[in-house]
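Presented below is the structure to which this report refers.
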Amino acid sequence: MIKITFPDGSVREFAKGTTGFQIAESISPRLAQEVLAVGINGETWDLNRPICEDATIKLYKWDDEEGKHAYWHTSAHLMAEALQELYPGMKFGIGPAIENGFYYDVDPGDGVQIKENDLPAIEAKMMELVLRKEAVVRQDVSKAEALKMFEAKGDEYKTELISDLEDGTITLYSQGNFTDLCRGPHLPDTSHIKAIKLLSVAGAYWRGDESRKMLTRIYGITFPKKKMLDDYLVLLEEAKKRDHRRIGKELELFMFSETVGKGLPMWLPRGTSLRLRLEDFLKKIQRRFDYEQVITPHIGNKQLYVTSGHYAKYGKDSFQPIHTPEEGEEYLLKPMNCPHHCEIYKYKPRSYKDLPLRFAEFGTVYRYEQSGELHGLTRVRSFTQDDAHIFCRPDQLKEEFLKVMDIIFIIFKALDFENFEAQISLRDPENKEKYIGSDENWEKAERAIVEACEEKGLKARVELGEAAFYGPKLDFMVKDALGRRWQLGTIQVDYNLPERFELEYTGDDNQKHRPVMIHRAPFGSMERFVAVLIEHTAGKFPLWLTPDQVVILPISEKFNDYAYQIAKELFGKDIRVTVDDRNEKIGRKIRDNELKRIPYMLIVGEKEAENGEVSVRRQGEGDKGSMKVAEFSDLITDEVQKMMEQY
RNA sequence: GCUGUUGUAGCUCAGGGGUAGAGCACUUCCUUGGUAAGGAAGAGGUCGCGGGUUCAAAUCCCAUCAACAGCUCCA
């Protein structure tokens, strides 16, 4: 007998070799139906794998990540089985479960292409296989056996994977005629899969290596119920509607022009209005934290970037130097603001009493991003960083770091970004030569970041090898409407640039010392931040931020004069207001302005004109009744003021 | 940068070897209407750009540019 400990702490005895499925069955038939995988001492196992020792157990259902994972992993195998039947000779790369569904990388062979319109046929084949209720069988084999098997099949991808594995750890999973190298775990059979949708097909390099063959990646998702799939597809449609590229067009916030160049966004009046207000907000916060604004040119001598080290690292992949009429002069569009700010630091001798110095600039930078990377406003070739560089003494580093975190938290709170993730990026200890700077400084900087996060109680994921080449960093990311993660705010410690620019201050010992630098940008870039803000709010911006706060809708042209009179009054109180004086019926004007997401609509007709009133309508909520004009302007002013007072 | 898909009116899209279509937006007129689309008429495109095949190309082919999806990259 073996002892099985359940999550609630209870312990029961089972016969040796009992499976997870049998344990679930012993609890309830319903559970046995729903359980997908089982956690054994923290490892996820197949349901039908015999348990031969005492263990703590957890039964995973659809609602558990582990359950979904097994479900989608088996779905990936099912798709592979279907592909094998439809395309004889197809070779298989890897096919994992992912956050939403699964994919399989395959090589259909020379001359064979799988296209989007082939997907329904593959789905149909998968459904056909599901009906066969094939059991998924796990099998341990030796490395030699596995190699022999896949070599016989001619599958060079699998043999490559096997070659990298340790002998004795190799497991295979089979269902029907399909056998795959796989760690598992899997569902006991494929009949659990009820609803299938293959979503897209795209190229993906074998093992993520640019220099190797590009395989065909097929993405799909499956569900235990048809309804769940339908709901998911609706969700995807909804997400598309929040896409900032679409809303940016609808609300006339920004544009691109092929003539100007790809990846070079232009801010339309309404977008600019929104962005400037965000900038003003951050400037206000920064004033409180003793930042000083500076302004630097958009270009800099190439030598500046040779000194900073950016030229050596990114020079080849950048916009190429601008040559002046004068011989031998080369300038770069600035890809970073920091070198300029270092020069500002060097403007005059600095004393330890002057530090920290905090130079802030909304600095527009230019980077030659790969063309395939460009994406709306989130990945562009010219963008404005809400940049600042803090020059401080080493003993001030942690405190300064904490203050920057405060600013970022203020910004995120003010804009209702509660669901951000934080990531500490450290250097890869195996590859120290990729980074510049001394071991000692790296260790100091990394420690400062980790400690700062601990002090703030911030749960941050630690990623090795993700640091910038000059220092470790703390990044804040949020997901866009389609679940893609984007980095917004960033804080980076830098011992390197002060070294390269030979920055100094005089200490209380009258000796020269080297300051530490912090790069930070709470928004990250204005472009990316606004993009994410658009998706976050679906274009319904908070009142204090939105380009148009109020629109006045006269019932008929007879009341246009009254409408303009009120508009003037509100405008005088700093309220952003327009008049919809089109020759349209009121229902039409309401509809159009609802779609423009203007927070307040004021409907004015005979009644209102007589009494000096406005009839108030809130976007998305409807009629709020009528009130005096002054009463309304107070309402707006108060609402904005209340928000601003918090910060 | 790589692989694939797409490119037709301001926007969303249909069509497809015989010199272009819808809805919305726009203009004008009618209507002066009370809380999510009033009516009529009109204007607007050398079908991304450049080659080729053909009697004939927006349609087929090649090249190029851009957008989209994914991969790789991201100071």
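Sequence lines set the chain letters: A, B, ... in the order given, protein chains first and strands last, and positions in each chain run from 1.
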Check if the side chain of A/Tyr205 and the base of B/G1 share a donor-acceptor pair of N or O atoms closer than 3.5 Å. yes

Would you tabulate the side-chain donor-acceptor contacts of residues 606-616 of chain A under 3.5 Å, counting partners in other chains and residues two or more places apart, or write 'none'?
| residue | atom | partner | partner atom | Å |
| --- | --- | --- | --- | --- |
| A/Glu608 | OE1 | A/Gly605 | N | 2.9 |
| A/Asn611 | ND2 | A/Lys607 | O | 3.2 |

Write down the distance separating the P atoms in B/A20 and B/G34, rounded off to the nearest Å. 45 Å

So A/Ile491 and A/Ile449, do their side chains get closer than 4.5 Å, heavy atoms only? no

Report which part of the nucleic acid A/Phe256 touches: base, sugar-phosphate, or nothing (heavy-atom distance under 4.0 Å, all strands). nothing

Describe the nucleic acid contact of A/Glu258 in one word from base, sugar-phosphate, nothing, applying a heavy-atom distance below 4.0 Å. sugar-phosphate

Can you sort out the partners of A/Tyr205 under side chain to side chain contact (heavy atoms under 4.5 Å, CB included), two or more places apart, ordered by chain and number? A/Glu210, A/Met214

Selected nucleotide, minimal atom distance to A/Arg379 side chain, candidates B/A37, B/C74, B/U72: B/C74

Pick out the pairs of N or O atoms, protein on one side and nucleotides 8-12 of chain B on the other, that lie under 3.5 Å.
| residue | atom | partner | partner atom | Å |
| --- | --- | --- | --- | --- |
| B/U12 | OP1 | A/Lys249 | NZ | 3.3 |

Which dot-bracket string describes RNA chain B (Watson-Crick N1-N3 plus N6-O4 or O6-N4, or G-U N1-O2 and O6-N3, all under 3.5 Å; [ ] crossing; | other strand)? ((((((((.[[[[.)..(..]]]].(((((.......))))).....[.[[[..)....]]].])))))))....

Electrostatic pair A/Asp623:A/Arg617 at N-O distance under 4.0 angstrom: no

Which part of the nucleic acid, if any, lies within contact of A/Arg617, taking any heavy atom under 4.0 Å across all strands shown: a base, the sugar-phosphate backbone alone, or nothing? base

Mind running a 4.0 Å heavy-atom check of residues 366-375 of chain A against RNA chain B and sending the residues that fall below it, in number order? A/Arg367, A/Gln370, A/Ser371, A/Gly372, A/Glu373, A/Leu374, A/His375

Within the sub-3.5 Å range, which N or O atoms of nucleotides 30-34 of chain B have a protein N or O partner, and how far apart are they?
| residue | atom | partner | partner atom | Å |
| --- | --- | --- | --- | --- |
| B/C30 | N4 | A/Asn583 | ND2 | 3.4 |
| B/U31 | N3 | A/Asn583 | OD1 | 3.3 |
| B/U31 | N3 | A/Asn583 | ND2 | 3.0 |
| B/U31 | O4 | A/Asn583 | ND2 | 2.1 |
| B/U32 | O2 | A/Ser556 | OG | 3.3 |
| B/U32 | O2 | A/Glu557 | N | 3.0 |
| B/U32 | N3 | A/Glu557 | OE1 | 3.3 |
| B/U32 | O4 | A/Glu557 | OE1 | 2.8 |
| B/G33 | N7 | A/Ile555 | O | 2.6 |
| B/G33 | O6 | A/Glu557 | N | 3.4 |
| B/G33 | N1 | A/Asn583 | OD1 | 3.3 |
| B/G34 | O6 | A/Glu606 | N | 3.0 |
| B/G34 | O6 | A/Lys607 | N | 3.1 |
| B/G34 | O6 | A/Glu608 | OE1 | 3.4 |
| B/G34 | N1 | A/Glu608 | OE1 | 2.8 |
| B/G34 | N1 | A/Glu608 | OE2 | 3.2 |
| B/G34 | N2 | A/Glu608 | OE2 | 2.6 |

Using the side-chain heavy atoms of A/Met214, tell me which of these nucleotides is nearest: B/G70, B/A67, B/U35. B/G70

Compare the minimum distances between each of B/A36, B/G4, B/G70 and the side chain of A/Gln113, then state the nucleotide with the smallest one. B/G4

Checking A/Tyr368 against A/Asp317: is there a side-chain donor and acceptor pair closer than 3.5 Å? no

Between B/G1 and B/A43, how far apart are the P atoms? Round to whole Å, please. 44 Å

Taking the C1' atom of each, how far is B/G7 from B/G45, in whole Å? 14 Å

Inter-nucleotide P distance (B/G44, B/U5), Å rounded: 37 Å

